[in-house]
> 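Once you've had a glance at the structure underneath, I'll fire off some questions.
Chain letters run A, B, ... following the sequence lines, proteins first and then strands; every chain starts at 1.
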Protein chains: 2
Amino acid sequence: MVINDKKEYTIKDVAILAGVSTATAGRVLGGYGSVSSKTARSVMEAAQKLNYIPNAIAQSMKKRNTNTVGLIVANICNPYFSTIAKATEEHLAKHGYHVIICNTDEDLDKEISYIKTLYEKRIDGLMIATAFKGNEKISEEIGRIYDGKIPTLIIDREIAGLSLPTVTSDNFRGAYDATSHLIRLGHKRIGVIGTTISTLYQRVDGYKKALMDNGIPLDQDLIANKGVPNLQAGDVREGKEIAIHMLTSSKTKVTAILALNNLLTFGALQAIRELGLKIPDDVAFIGWDDFELATVMNPPVTVVNQSTGDIAAIASSRLLQMMDEPAQDEADRNRKVVLATQLIVRGSCGA
Amino acid sequence: MVINDKKEYTIKDVAILAGVSTATAGRVLGGYGSVSSKTARSVMEAAQKLNYIPNAIAQSMKKRNTNTVGLIVANICNPYFSTIAKATEEHLAKHGYHVIICNTDEDLDKEISYIKTLYEKRIDGLMIATAFKGNEKISEEIGRIYDGKIPTLIIDREIAGLSLPTVTSDNFRGAYDATSHLIRLGHKRIGVIGTTISTLYQRVDGYKKALMDNGIPLDQDLIANKGVPNLQAGDVREGKEIAIHMLTSSKTKVTAILALNNLLTFGALQAIRELGLKIPDDVAFIGWDDFELATVMNPPVTVVNQSTGDIAAIASSRLLQMMDEPAQDEADRNRKVVLATQLIVRGSCGA
DNA sequence: CTGAAAGCGCTTACAG
DNA sequence: CTGAAAGCGCTTACAG
């Protein structure tokens, strides 16, 4: 018989029904300590009769852990972040952790607010894909609240001034390679779609270096947000706006475009399509992050791909390790892992 | 001065430093009860000095709520679910709730296991986008554990046998409209890509009804997983496999294809591309769920679109309401909201 | 193997 | 306005 009513039974109820102390009931249900098999059986039966469900809140109170990890991302709809989220969740779930996902929408105050409330919830660990370039405010905040108290790991983008373990892609090199590829194909006027005030500075740096190494003068008009005000979301709409401006302005006259993240890539492709331009004849194109339809596009799209799954796997493993053994030596704690990107050459730059 | 060490201070530490009782310190920090402004000030100062961070676990213990909601989805990488997740998170965050996201990967046991541990964590509410057709096992499980105890809401797909509030799309009608559209254009052999053993039965039903209403005999070979074993993920790989089989088998000879979810759509498009077939001349195509690149494809892709944002918004609002006032009358509790889909006609069926 | 008791960090009547 | 005390539901030494 299963009793099914609205009351939430506690371990005390189970103990009374089984005719033992709460301590003993706890030992059976929690699997710690030792009990006679006969007692164990009667406690189990009582728990089942009452449909007893342990209260993890109370357990956390005593055990000082919550089996919960926080994951902060800028936009869970961005395939890059959702891939990270999925892989991380999967990895951590295997070890008994739940993942609280927080969307910052590239909003610094939201990010800080999340960090605070997650800490109040006494999460066991935190993974942050901050939307922001080494921002002093967030660095300070995290440093003040967290540092050393709870295992925290930074992914996707470094936070300057914070000595925390980090797992990122080699953004500089990815952009350098892509730009070099375009230069090799004869392009000299290469437009870059990425917002300079947001998170893509390393990629822009890689672009600049490639130009420099090939003796091509830098034209600021070809970078990102010239002429388009208030850029920061780095989303599809912005990518489209920037691309349209770039492809129609008399000042830019680009022969190739490099988009610096996946959503900007989609936006740029929309713009090229709407303007009726042909890839690669009218404009060569390289996107960022591979996507399902890249091979279906006409022509297929060349992209700089990140090892997104690896980032999540490595980050998850390190966080698990940090939660297991909080005390690590400084050098190990601060070790920064940087993963190579790969240029996947398809038809969109006419190679 | 800010004291910055590893110790986590409690309200007791703050009280001692401020020279008051813990009750008074709690009143100041928690904002309940009344205190003199002088006392308030000294408590605030003490809290700041110690960098005091309240323990939400302890608060939950007393207050009997956690300000946390569980969200169960099959695959957070699926744009449909990530859109739901983002909108839900945003909506609930405004009301002070955190969202724990759980990926089931279409795995029934994982789903049940998540439900249990979420309940142990004493979440305040639960939103389930189950991967499964009215499955008795899960229905029983949820019924037993949850019903009436914690506000639970079903989205995306009904769970048969459960009288819980539901927010879904009109899947039947969406497929009916799409199929009718293809029939109107002269197609009689329309292949459907969707796994019959998984979640898409209502959509398949809509397809069948449209054929019937137009006097076209049903050919089981044109439905889904014929010839492709072990279908159930409903993902890109499966969509591609099914489409290839469908487009190359001598038995099927379809002139049009309808894909029944977004990932299957991507897979089908990959297949068509790889086989070197032209849309719409060789095969007309309708996908499910709109996507960023739908207008960029050549030709642009006709899709059945769901009001995904609305689903999330309505579901979030209802869940908030359910958490606010747990006691509602039966009729209201079980009310099922069904949102219309829209057929967005583009070039891929040659209209 | 088992139980009585203390305690995790808060909140909340109950007095004063 | 303020404090002493009880209690939320567990776990964990400490005895026996």
> Would you give the length of the straight line joining atom CD1 of A:Ile311 to atom CD1 of A:Ile84, rounded to the nearest 0.5 angstrom?
5.0 Å
> Which heavy atom in A:Lys110 sits nearest to a heavy atom in B:Glu90, and how many Å separate them?
NZ-CG, 4.2 Å
> Looking at A:Lys336, I'd like to know if its NZ atom is crowded, meaning that more than 12 non-hydrogen atoms belonging to other residues, nucleotides or ligands lie closer than 6.0 Å.
yes
> May I ask you to say what A:Ser34 touches in the nucleic acid, namely base, sugar-phosphate or nothing, with a heavy-atom cut-off under 4.0 Å?
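Base contact - A:Ser34 has a heavy atom under 4.0 Å of at least one base atom.
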> Side chains of A:Leu320 and A:Leu92: closer than 4.5 Å at any heavy-atom pair?
yes
> Is there a side-chain polar atom (N or O) of A:Thr39 under 4.0 Å from OP1 or OP2 of C:dT2?
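Looking at the OP1 and OP2 atoms of C:dT2, one of them is under 4.0 Å from a side-chain N or O of A:Thr39.
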> Could I get the full list of salt bridge (charged side-chain N to carboxylate O under 4.0 Å, His left out) partners for A:Arg122, not counting sequence neighbours?
B:Glu8
> Using a cut-off of strictly less than 4.0 Å, decide whether A:Thr24 has a side-chain nitrogen or oxygen near OP1 or OP2 of C:dC1.
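The answer is no; no side-chain N or O of A:Thr24 sits under 4.0 Å from OP1 or OP2.
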> Checking A:Ala56 now: which residues fulfil side chain to side chain contact (heavy atoms under 4.5 Å, CB included) with it, not counting sequence neighbours?
A:Gln59, B:Glu120, B:Lys121
> Just the dot-bracket of DNA chain D, please: which string comes out with Watson-Crick or G-U pairs under 3.5 Å, [ ] for crossing, | for another strand?
|||.||||||||.|||
> Which residues satisfy the side chain to side chain contact (heavy atoms under 4.5 Å, CB included) test with A:Ala85, sequence neighbours excluded?
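Side chain to side chain contact (heavy atoms under 4.5 Å, CB included) check on A:Ala85 returns A:Leu71, A:Ile76, A:Ile101.
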> Quick one: what's the B/S/- string for nucleotides 8-16 of chain D, heavy-atom cutoff under 4.0 Å, read 5' to 3'?
BBBBBB---
> State which residues pass side chain to side chain contact (heavy atoms under 4.5 Å, CB included) with B:Lys62; sequence neighbours excluded, sorted by chain then number.
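So B:Lys62 forms no side chain to side chain contact (heavy atoms under 4.5 Å, CB included) with any residue.
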